[in-house]
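The block underneath contains the structure these notes are about, expressed in structure tokens.
Counting starts at 1 for both ligands and their atoms, in listed order.
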Amino acid sequence: MRDKRPIVALESAVITHGLPRPYNLETALALEGEVRAGGAIPATVAIVGGQARVGLSGDEVAALANTDQTAKISPRDLGIAIAGLGCSFGGTTVAATMQLASRVGLAVFATGGIGGVHRGATTTFDISADLPTLARVPMIVVCSGAKAILDLPATREWLETAGVPVLGWQTDEFPAFYSLSSGLSVDLRVNTAAAVVAVAREHWGAGLPSAVLVTVPPPAEVAIDALELNAVITQALAEAEQTGVRGRAVTPFLLDAVRIATSGRSMATNIALLRHNATVAAAIAVEYYGR
Ligand code: PSU
Ligand code: MN
């Protein structure tokens, strides 16, 4: 930061709760590698040894990936964890990662998919803390949209209400994480990192506090057909309801059910899009911080 070099923040709930071992560690290190290959510096964010950390050593990433007792850290858990009253190892969600990374001045962040409005949220009120955080933390967030396990039209509406511009990276459509298409539009198609940076600078220059969301479709060769996925998701949602899964357990439960039902194909898609998003974020960071 002192030398004004480009930095890309990375989340860690995907390491502790999003992917099974050993893929979690492999992927976390691969993401850091993609950011470096793109000419930027990776800063994986997590709770390590009871401290909030922005930027980890390889050993710390490995400790996080292999520790049995880890918490999924959302913004509401940050004070508890840093006070030493919670779990001493935690993977930070998109929301908690944005909070910590922005607090130390980082502006670019890469992840797989943001959380959003869950299906049935009109009765359960299950809306990810990622959404209100996107509404109030100024960062460029690179993702593949929100997962199809969510209510995507409602998530899209929520972002609009919150004043979060949704840009489509070389696409006109809001991607559905595993799938290329959701049937929903983006606010602007962008083809270059320069266009993303121009929008972000003027968004913040106009006094808006919110994030700028850059949505990147999954690489076409690993994308899963939306119709095929829908059957799997319907089944996963029914299982979640029968098992009485609630709160922070819902997203990891659904992701895992989809992974098992697709014989790991969804995981391969997840890893490929994470890597691609890290590359796109590095290009945006290089542009943002100047060469
Ligand atoms: N998307 C993934 N894998 C993940 C997550 C999202 O492909 O592990 C995590 C992110 O950290 C995101 C969180 O912030 O799930 C959302 O959880 P919740 O719905 O409980 O807010
Ligand atoms: Mn939730």
Side-chain angles (χ1 to χ4, degrees), residues 9-21 23-24 27-28 31 44-47 64-65 70-78 90-101 109-135 137 139 141-152 154-155 158 175-179 211 213 215-216 218 222-224 229 233 236-237 240-241 244-259 262 264-278:
L10 298 168
E11 64 142 313
S12 53
V14 68
I15 306 175
T16 56
H17 291 72
L19 295 169
R21 290 176 199 154
Y23 306 101
N24 60 348
T27 304
L31 297 185
T44 299
V45 175
I47 299 292
L64 195 67
T70 56
K72 173 178 159 187
I73 304 283
S74 176
R76 58 117 191 252
D77 305 304
L78 279 175
T92 47
T93 63
V94 168
T97 303
M98 287 178 72
Q99 180 63 33
L100 294 174
F109 168 36
T111 182
I114 57 165
V117 179
H118 281 260
R119 299 188 195 185
T122 44
T123 50
T124 61
F125 286 91
D126 191 352
I127 298 176
S128 174
D130 293 355
L131 290 181
T133 303
L134 286 161
V137 175
M139 289 193 92
V141 177
V142 180
C143 66
S144 294
K147 276 168 304 295
I149 56 169
L150 299 167
D151 182 337
L152 294 184
T155 301
W158 209 105
F177 192 73
Y178 302 118
S179 312
L213 199 65
T215 60
V216 184
V222 293
I224 303 177
L229 255 190
I233 289 165
L237 288 165
E241 177 143 1
V245 181
R246 295 230 161 55
R248 72 173 114 202
V250 171
T251 295
F253 179 92
L254 291 174
L255 288 177
D256 211 47
V258 171
R259 176 178 67 85
T262 60
R265 249 174 82 216
S266 70
M267 189 177 69
T269 307
N270 197 344
I271 293 170
L273 67 83
L274 279 162
R275 293 182 71 140
H276 183 225
N277 293 351

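- Taking all atoms of both residues into account, the shortest heavy-atom contact from Ala121 to Asp126 is CB-O, 3.8 Å.
- In terms of protein heavy atoms, atom 8 (O) of ligand 1 is closest to Gly18 CA, 3.4 Å.
- Restricting Asp126 to its N, O or S atoms, the one at the least distance from the Mn ion (ligand 2) is OD1.
- Contact annotation for Asn270 and ligand 1: only side-chain heavy atoms (C-beta onward) come within less than 4.0 Å of the ligand.
- Considering all non-hydrogen atoms of both residues, Leu274 and Gly112 come closest at CD2-N, 3.3 Å.
- Annotation for ligand 1: atoms under 4.0 Å from non-hydrogen atoms of Val14 are 8 (O).
- Looking at ligand 1, you'll find an N or O of Ser128 within less than 3.5 Å of one of its N or O atoms.
- Taking the side chain as every heavy atom from C-beta outward, Thr70 and His17 approach each other to under 4.5 Å.
- Contact of the Val216 side chain with the Pro175 side chain is not registered, since no non-hydrogen atoms from C-beta on lie closer than 4.5 Å.
- The minimum heavy-atom distance between Leu131 and Ile127, with the atom names listed, is CD1-CG2, 3.8 Å.
- Ligand 1 lies less than 4.0 angstrom from a heavy atom belonging to Glu11.
- When non-hydrogen atoms are compared, ligand 1 lies under 4.0 Å from the backbone of Val94 as well as from its side chain.
- Near Thr93, meaning under 4.0 Å from any of its heavy atoms, are these atoms of ligand 1: 11 (O), 14 (O).
- Scanning all protein heavy atoms for the shortest distance to atom 2 (C) of ligand 1 gives Lys147 NZ, 3.6 Å.
- Between Arg248 and ligand 1, a contact under 3.5 Å exists for no N or O pair.
- Those atoms of ligand 1 that come under 4.0 Å of a heavy atom in Lys72, given as number and element, are 17 (O), 18 (P), 20 (O).
- Contact annotation: for Leu255 versus ligand 1, heavy atoms closer than 4.0 Å belong to the side chain alone.
- In this structure, the side chains of Asp77 and Thr92 stay at 4.5 Å or more apart for every pair of heavy atoms.
- The distance from ligand 1 to the heavy atoms of Asp130 drops below 4.0 Å at these ligand atoms: 12 (C), 14 (O), 16 (C).
- Closest approach of Leu152 and Ala146 over heavy atoms only: CD2-O, 3.3 Å.
- Taking any N or O of Thr92, backbone or side chain, none lies under 3.5 Å from an N or O belonging to ligand 1.
- Proximity of His118 to ligand 1, defined as any heavy-atom pair under 4.0 Å, is confined to the side chain (atoms from C-beta onward).
- Rounding to the nearest 0.5 Å places OG1 of Thr133 at 7.0 Å from CD of Gln99.
- When side chains are defined from C-beta on, Phe109 counts as touching Val94, because their heavy atoms get closer than 4.5 Å.
- With a 4.5 Å cut-off on side-chain heavy atoms, Arg119 and Ile233 count as touching.
- Polar contact check, Gly247 against ligand 1: no nitrogen or oxygen pair lies under 3.5 Å apart.
- Residue contact check: Ala13 has heavy atoms under 4.0 Å from atoms 11 (O) of ligand 1.
- Side chains of Pro252 and Lys72 form a contact here, defined as non-hydrogen atoms less than 4.5 Å apart.
- Less than 4.0 angstrom separates some heavy atom of Phe177 from each of these atoms of ligand 1: 7 (O).
- If you look at Thr251 next to ligand 1, the close heavy atoms, those under 4.0 Å, all belong to the side chain.
- Residue contact annotation: Gly112 has no non-hydrogen atom under 4.0 Å from ligand 1.
- Distance CD1/Ile114 to OG1/Thr155: 7.0 Å, rounded to 0.5 Å.
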